[in-house]
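Report on the following structure.
Owing to the predicted nature of the structure, the values given are computational and were not obtained by experimental measurement.
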Amino acid sequence: MAAISASEERDDGGDLLLWVLIWGELAAFGVLLTGYVVMSMLHPESFALAKLHLAPRLAGFNTVVLLASSWQAALAASSQGKPRRQRLFLLGAACLGFLFVALKFAEYGSEWAATGDQNLQTFFELYFLITGFHLAHVAFVASLLVLAAIRLERSAIVTLTTIWHVIDIVWLVMFPLIYLS
């Protein structure tokens, strides 16, 4: 009987669970973004007016923050065997994720005043639902990245950094759709 190397060893379903989670998240955001697109086509004037209350420059800066965080996460995942570096990269990714959260709350503060306008209500309900759902993901996974930095378990790092990249991909679709279209 041949010995099985560590790289050939099966993951006991962890990969399958990760892919189910990823596709579930993409489906949820896909439904939300599809609803946004449909409503923007049904109410183009009110959506255009509502977008004037957004802060695309701040959202653009937040995109750079999230991409830098993703880069840190990728470095953590590729630094296997170097625990100090992995911890620093995971903490860097988490800190940038928390910066994203703080900047998003600052952005929400400037946009909240416009929610009282009845003509803009549909846009802002969808906007806060979609971006808030994304924001909850960023805050939660950033917290998990901190925990992963403490424990440094390879499977957790791979899982969390993969999910982190999916969250970034979702934002890279949301940003131009909501802020730039």
Practice problem: Might you work through the side chain to side chain contact (heavy atoms under 4.5 Å, CB included) test for Leu96 and Leu66, ending with a clear yes or no? | Solution: CA-CA 7 Å; Leu96 288 167; Leu66 204 56; over 6 Å; no

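- Ring geometry for Tyr108 versus Phe105: interplanar angle over 60°, hence perpendicular rather than tilted (30 to 60°).
- Trp71 and Leu91 fall into different hydrophobic clusters, where Ile, Leu, Val, Met, Phe, Trp and Tyr side chains are chained together by heavy-atom contacts under 4.5 Å.
- Residues Phe175 and Phe61 share a single hydrophobic cluster, defined by chaining ILVMFWY side chains whose heavy atoms lie under 4.5 Å apart.
- Considering only heavy atoms from C-beta on, Ile163 comes within 4.5 Å of Leu18 through its side chain.
- Summarising the geometry of His165 relative to Ala73, their closest heavy-atom pair is CE1-CB, 4.4 Å, with the distance given to 0.1 Å.
- In this model, a donor atom of one side chain and an acceptor atom of the other lie less than 3.5 Å apart for Tyr179 and Tyr127.
- Close placement of the Phe128 and Trp112 rings is indicated, their centers lying within 6.0 Å of each other.
- With Thr159 contributing its side chain and Ser155 its backbone, the two residues share a donor-acceptor pair below 3.5 Å.
- His134 has its side chain out of reach of Ile130: every pair of non-hydrogen atoms, C-beta onward, lies at least 4.5 Å apart.
- Judged by distance alone, the side chain of Gln72 and the main-chain N or O of Gly92 form no donor-acceptor pair under 3.5 Å.
- Taking hydrophobic clusters as Ile, Leu, Val, Met, Phe, Trp and Tyr residues chained together by side-chain heavy-atom distances below 4.5 Å, Leu135 shares a cluster with Phe124.
- A distance below 6.0 Å separates the ring centres of Trp171 and Phe100.
- Side-chain contact check for Phe89 versus Ser79: some heavy-atom pair is nearer than 4.5 Å.
- Atom CG in Leu52 sits 13.5 Å away from atom CZ in Phe47 (nearest 0.5 Å).
- A donor-acceptor contact closer than 3.5 angstrom is absent between the side chains of Trp164 and Ser70.
- Ring geometry, Phe133 versus Phe29: the interplanar angle falls from 30° to 60°, so the pair is classed tilted.
- Thr115 contributes no side-chain N or O that, together with a main-chain N or O of Glu111, makes up a donor-acceptor pair within less than 3.5 Å.
- With hydrogens and angles disregarded, no donor-acceptor distance shorter than 3.5 Å links the side chain of Lys104 to the backbone of Gly132.
- Put simply, the side chain of His43 never gets that close to the backbone of Thr122: no donor and acceptor are under 3.5 Å apart.
- Residues Ala94 and Ala142 come closest through the heavy atom pair CB-O, 3.4 Å.
- At a threshold of 4.5 Å between side-chain heavy atoms, the hydrophobic network of Ile, Leu, Val, Met, Phe, Trp and Tyr places Tyr36 and Met39 in one connected group.
- No side-chain heavy atom of Val166 sits under 4.5 Å from any side-chain heavy atom of Leu21.
- Of the possible polar contacts, one joining the Arg154 side chain to the Ala77 backbone as a donor-acceptor pair under 3.5 Å is found.
- The backbone N or O of Ile157 sits less than 3.5 Å from a side-chain atom of Thr161, completing a donor-acceptor pair.
- Here the straight-line distance linking atom CG of Leu160 with atom CD1 of Ile167 works out to 9.0 Å at 0.5 Å rounding.
- Looking only at side-chain heavy atoms (C-beta outward), Phe98 and Val138 stay at 4.5 Å or farther from each other.
- Counting heavy atoms from C-beta on, the side chains of His53 and Phe123 never come closer than 4.5 Å.
- Residues Asn119 and Leu49 are not in side-chain contact: their nearest non-hydrogen atoms beyond the backbone lie 4.5 Å or more apart.
- Arg87 places a side-chain N or O within donor-acceptor distance of the main-chain N or O of Ala149, the cut-off being under 3.5 Å.
- Interatomic distance, CG of Leu54 versus OG of Ser110, reported as 8.5 Å (0.5 Å rounding).
- Of all heavy-atom pairs between Ser69 and Gly97, the closest is OG-N, 3.9 Å.
- Annotation: the span from Ile150 atom CD1 to Leu145 atom CG amounts to 11.5 Å, rounded to 0.5 Å.
- Rounded to the nearest 0.5 angstrom, Gln86 CD and Ser78 OG are separated by 8.5 Å.
- Hydrophobic clustering (ILVMFWY, side-chain heavy atoms < 4.5 Å, transitive): Ile178 and Leu172 are in distinct clusters.
- Shown here for Gly30 and Thr34, the closest heavy-atom pair between the two residues is O-OG1, 2.7 Å.
- Distance CG/Leu32 to CG/Leu126: 8.0 Å, rounded to 0.5 Å.
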